[in-house]
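Below, all heavy atoms of this structure are taken into account, side chains as well, without hydrogens, waters or symmetry copies.
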Amino acid sequence: MQATADSTKMDCVWSNWKSQAIDLLYWRDIKQTGIVFGSFLLLLFSLTQFSVVSVVAYLALAALSATISFRIYKSVLQAVQKTDEGHPFKAYLELEITLSQEQIQKYTDCLQLYVNSTLKELRRLFLVQDLVDSLKFAVLMWLLTYVGALFNGLTLLLMAVVSMFTLPVVYVKHQAQIDQYLGLVRTHINTVVAKIQAKIPGAKRHTE
């Protein structure tokens, strides 16, 4: 019963995160998505110009400058107006931010599930359990060698972030046309794969 309850909680957490991510990527709250998207872009552009250590230090200094300035401003204001409002960040300082043992265990179990799944898939591909899938993976790795030669990791990450926040919206607006072209591409790929399976011994999938 306990395992079932934990599994249900993990599913609820994952469902909640997934819903929030979809809302962000589809710009359902323009202000919130704009802040998140802009923050990501600012961070990535900063990393292209400065080292990670410098970016972290500058961000920390900016945050400290804002909080210290606000604390001094509120203290002066309270002294002038002779009020006793207390610490301006008191509500945030009293918030509980520690993770419980149950929460840590939950996130650890979730991470373990993804790691194990990834390891099993990599083993299946590298040990050629399915020849066609391994060939597809080899082609993908070969293409990535050219991508890596043209772009560095930060550039690829920047392109990925921009794509994440633009492609879903573009797809929603032009879904019919995109589905049509994707269908043609999928049909062409299936035809090529079928020809490969017919010519390479052992490439046919087992249906048992």
Side-chain angles (χ1 to χ4, degrees), residues 1-26 36 40 43-44 47 52 99 101-172 174-208:
M1 293 294 294
Q2 182 64 33
T4 303
D6 292 341
S7 177
T8 302
K9 289 180 181 179
M10 290 179 63
D11 290 340
C12 290
V13 171
W14 170 247
S15 178
N16 186 36
W17 286 356
K18 185 178 179 180
S19 176
Q20 292 178 353
I22 291 174
D23 289 342
L24 281 174
L25 297 180
Y26 283 92
V36 174
F40 273 126
L43 176 62
L44 292 175
L47 289 173
V52 176
L99 291 175
Q101 184 64 34
E102 291 76 13
Q103 289 175 314
I104 294 175
Q105 184 64 42
K106 176 178 62 179
Y107 296 129
T108 302
D109 291 342
C110 187
L111 178 61
Q112 181 183 12
L113 178 65
Y114 289 125
V115 170
N116 289 339
S117 176
T118 301
L119 289 176
K120 289 179 181 179
E121 182 65 16
L122 290 175
R123 180 182 64 181
R124 189 181 72 85
L125 291 170
F126 279 103
L127 298 184
V128 200
Q129 180 177 342
D130 186 294
L131 182 57
V132 173
D133 285 347
S134 295
L135 287 173
K136 290 179 181 177
F137 185 66
V139 171
L140 176 61
M141 293 299 102
W142 177 70
L143 291 175
L144 287 179
T145 61
Y146 287 93
V147 173
L150 294 174
F151 308 101
N152 60 32
L154 278 176
T155 303
L156 291 174
L157 186 57
L158 181 61
M159 293 170 61
V161 169
V162 173
S163 299
M164 284 172 54
F165 283 90
T166 55
L167 293 182
V169 178
V170 173
Y171 177 74
V172 169
H174 307 283
Q175 184 173 355
Q177 298 92 322
I178 293 175
D179 286 343
Q180 181 181 359
Y181 289 121
L182 288 178
L184 294 173
V185 172
R186 190 179 298 110
T187 301
H188 181 69
I189 291 176
N190 290 337
T191 302
V192 173
V193 170
K195 291 180 180 179
I196 293 175
Q197 289 177 322
K199 293 182 179 181
I200 300 179
K204 296 183 178 180
R205 298 181 182 273
H206 296 287
T207 58
E208 299 178 1

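For the atom pair CG (Asn116) and CG (Leu111), the distance works out to 9.0 Å, reported to the nearest 0.5 Å. Here the NZ-CD distance, from Lys106 to Glu102, works out to 9.5 Å after rounding to the nearest 0.5 Å. The distance from the NE2 atom of His174 to the CD atom of Gln180 is 14.0 Å, given to the nearest 0.5 Å. The OG1 atom of Thr166 sits 10.0 Å away from the CG atom of Leu25 when rounded to the nearest 0.5 Å. Atom CZ of Phe40 is separated from atom CG of Leu157 by 8.5 Å, given to the nearest 0.5 angstrom.
Scanning both residues, Ile178 and Val170, for their nearest heavy atoms gives CD1-O, 4.0 Å. Contact between Leu44 and Leu158 at its shortest, heavy atoms only, is CD1-CA, 3.7 Å. For the residue pair Asp130 and Arg124, the shortest heavy atom distance occurs at CB-NH1, 3.8 Å. In this structure, Ser163 and Pro168 approach most closely via the heavy-atom pair O-CD, 3.6 Å.
Residues passing the ring pair (Phe, Tyr, Trp, His ring centres under 6.0 Å) test with Tyr171, sequence neighbours excluded: none. By the ring pair (Phe, Tyr, Trp, His ring centres under 6.0 Å) test, Tyr146 is found to be paired with Trp142, residues two or more places apart in sequence or in another chain being considered. Shown here are the salt bridge (charged side-chain N to carboxylate O under 4.0 Å, His left out) partners of Asp179, two or more places apart in sequence or in another chain: there are none.
A 4.5 Å side-chain heavy-atom check between His188 and Val192 finds at least one atom pair inside the cut-off. You'll find the side chain of Leu140 stays beyond 4.5 Å of the side chain of Lys136, heavy atoms only. Using a 4.5 Å heavy-atom cutoff, the side chains of Val139 and Leu135 are not in contact.
Checked by atom type and distance alone, the side chain of Ser117 never pairs as donor or acceptor with a backbone atom of Leu113 at under 3.5 Å.
Using a 30° and 60° split on the angle between ring planes, Phe137 and Phe126 fall in the perpendicular class, above 60°.
A donor-acceptor pair shorter than 3.5 Å can be found between the side chains of Thr155 and Asn152.
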